[in-house]
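Read the structure below first, then the notes.
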Amino acid sequence: LSLHSRISPELYDELEEILITTDVGLETSGRVLEELKARVKESREERPEMVREFLKEILVDLLSLPVPPAIDRPPLAILVVGVNGVGKTTSIAKLAAYYKAKGCSCLLVAADTFRAAAGEQLAAWGERLGVEIVRSREGSDPGAVVFDGLAAANARRIDVVIIDTAGRLHTKANLMAELEKVYRVCTRNLGDRNLLTLLVLDAGTGQNGLNQARVFQETVGVDGIILAKLDGTARGGIVLAVADQLRLPVVWVGTGEQPDDLRLFDAREFVTALFD
Amino acid sequence: NLAGRLQETLRKLRGKGKLTEIDVDEALREVKLALLEADVNFRVVRSFINRVRERAIGKEVTSSLTPGQMVVKIVHQELTALMGAKEEKIRVAPQPPTVVLLVGLQGSGKTTTTAKLGRYLKMQGRRPMLAAADIYRPAAVRQLQILGEKLELPVYFSEGKDPVAIAREAVAAVKKQNCDYLLVDTAGRLHVNEELMEELRAIKEAVRPEEILLVVDAMTGQDAVNVARSFHEKLALTGLVLTKLESDTRGGAALSIREVTGCPIKLVGTGEKLEDLEVFYPDRLASRILG
Ligand SMILES: Nc1nc2c(ncn2[C@@H]2O[C@H](COP(=O)(O)OP(=O)(O)OP(=O)(O)O)[C@@H](O)[C@H]2O)c(=O)[nH]1
Ligand SMILES: Nc1nc2c(ncn2[C@@H]2O[C@H](COP(=O)(O)OP(=O)(O)OP(=O)(O)O)[C@@H](O)[C@H]2O)c(=O)[nH]1
Ligand SMILES: [Mg+2]
Ligand SMILES: [Mg+2]
């Protein structure tokens, strides 16, 4: 940021540029800037450097949505969803590593029965992490695999069962209908488990991420977001638009391709990085 | 919505007999918002608007009988010019085999696109071979092998070898099997991972590709320019593939990448099936971006 000697329209323009260039989007940026101007006026603040601090506070507040308590309450079923290639399967491996390290028994369910080598990919992760996996042959019904997976998890009293689904565009009604069916199979076969539905968003996604979140939330009631690939140069500002307009919390952040590249979302750390 | 407002502003503008600078600024502001909402890079938008404004207050508009219409025409012209004037073909090397290298960020669609391109070339009467040079991602080689089997195309892989060796050996295999195209699938990587970017440069040096295609997810946001610029500086890209364009993303990243690298968008992915690959038409994306 350039040095400003006083609070001016240029200062606000510069802050807006930061929000736009980190994919926060026009609508949420506009609303946040209005809130910022109001707060500056109300506080009678005259120091330009304080304006930036106020903005950070507004953004941290916006992102401080309650995280679903279920993440710490096994027995748990985690359904992982999202569009193609965002990082679902890899995030599942990371989640399994996380829960296993906490002493939980885990089971993976390979409910992506469509994409080439999807089952092999998850099986490879299972083998590497020492976590069992429930699979079926390619082309079979994902709902059936989920049913088998939950039955096995409940019979063996597994603490955390994590379900991988095929990537799908939110614009494909038939695929979203398939996902809704998978979700119903989950809710009807949980036993005494909590169900957590996590949507994976790619940190490099533009405004389409908001459409994704909206449609997935309408279809399967998303509880939280995994923001993957934050180790790139994209800042993941789309989650601010998602928090602002859909009130969905970010639960996890993916920072690489290895099993330990997952951490709990920290709003303050995230907002600081937005301004780096 | 923005697209509707833009159409309305441009419609009103077309009808005006005489334009004031306020009319022009108002219209350009709507164009700017539409482009930003479509994920076009902030700085690319700014320079684009400045170019259009310069023409809009110039003689071609002020001396026109329908200045409003002229401005709208300028916007469309500048957008289409930016996207590239016409479709661009996949190159053919002077001597076979033609090597094509597919590169890009994690999850952008490289492996699927490699197979799709193989199918596309086969339908054109070519004899492509695919090379599985992603040794890192679990079951990446399997993924390409399965797709190759579906298409009845040979897939080259060599257990225990590094990606540079695999690519080099694949070229030898292509010549032996009398194939005329080699499509090399590489691991997804961050443009800021120096070691992995160096690996790509080493693959390029080893097999001298005719085409180096950056595979980009059409829903990428403002960061697209950083990614494309880095890959282009390191490798001298020859083209781009935009994937997942059948989604409702406006695809503004394509415009930004084109502006910053000058690379032509050659192909577009329009679905998950192997037949979902099309030639890129620049004017179609221009109208899509403007809503
Ligand atoms: N750098 C980085 N790469 C990641 C991260 N998460 C996933 N990836 C990579 O992104 C690519 C896609 O990951 P997948 O887990 O296969 O994505 P997916 O959503 O399951 O993909 P589909 O099932 O095909 O829809 C792989 O190369 C992963 O290694 C992350 O946090 N950082
Ligand atoms: N809807 C849609 N999905 C696509 C398209 N192209 C690829 N995909 C999907 O995107 C996901 C990722 O594709 P991959 O080919 O595995 O991507 P990749 O770039 O090879 O991934 P890494 O090797 O991990 O970097 C898969 O689910 C593909 O089926 C497309 O044009 N449209
Ligand atoms: Mg997957
Ligand atoms: Mg791949």
Side-chain touch Met219(B)/Val83(A), heavy atoms, less than 4.5 angstrom
yes
Arg189(B) portion near chain A, given a 4.5 angstrom heavy-atom threshold:
neither
Asn226(B), part contacting chain A, at a heavy-atom distance under 4.5 Å:
side chain
When rounded to the nearest 0.5 angstrom, what is the spacing between [atom1] in [X] and [atom2] in [Y]?
X	Y	atom1	atom2	answer
His170(A)	Asp248(B)	NE2	CG	3.5 Å
Ser247(B)	Lys172(A)	OG	NZ	8.5 Å
Thr111(B)	Arg115(A)	OG1	CZ	8.5 Å
Thr233(A)	Leu190(B)	OG1	CG	8.0 Å
Thr171(A)	Glu246(B)	OG1	CD	6.5 Å

Minimum heavy-atom distance between [X] and [Y], given as atom pair plus value:
X	Y	result
Ala139(B)	Ala117(A)	O-CB, 3.8 Å
Asn84(A)	Asp217(B)	O-OD2, 4.5 Å
Leu26(A)	Leu33(B)	CD1-O, 3.4 Å

[X], part contacting chain B, at a heavy-atom distance under 4.5 Å:
X	value
Leu210(A)	neither
Gln212(A)	side chain
Ile20(A)	both

Note: vs chain A, highest number of non-hydrogen pairs under 4.5 angstrom among Gln143(B), His191(B), Lys244(B) is Gln143(B)
Looking at Gln207(A), is its backbone amide N or carbonyl O close enough to the side chain of Asp39(B) to form a donor-acceptor pair, meaning the two atoms are under 3.5 Å apart?
yes
Verify, without hydrogens or angle tests, whether Asp23(A) (side chain) and Gln222(B) (backbone) share a donor-acceptor contact under 3.5 angstrom.
yes
Any ion pair linking Glu257(A) and Arg137(B) (charged N to carboxylate O, less than 4.0 Å)?
no
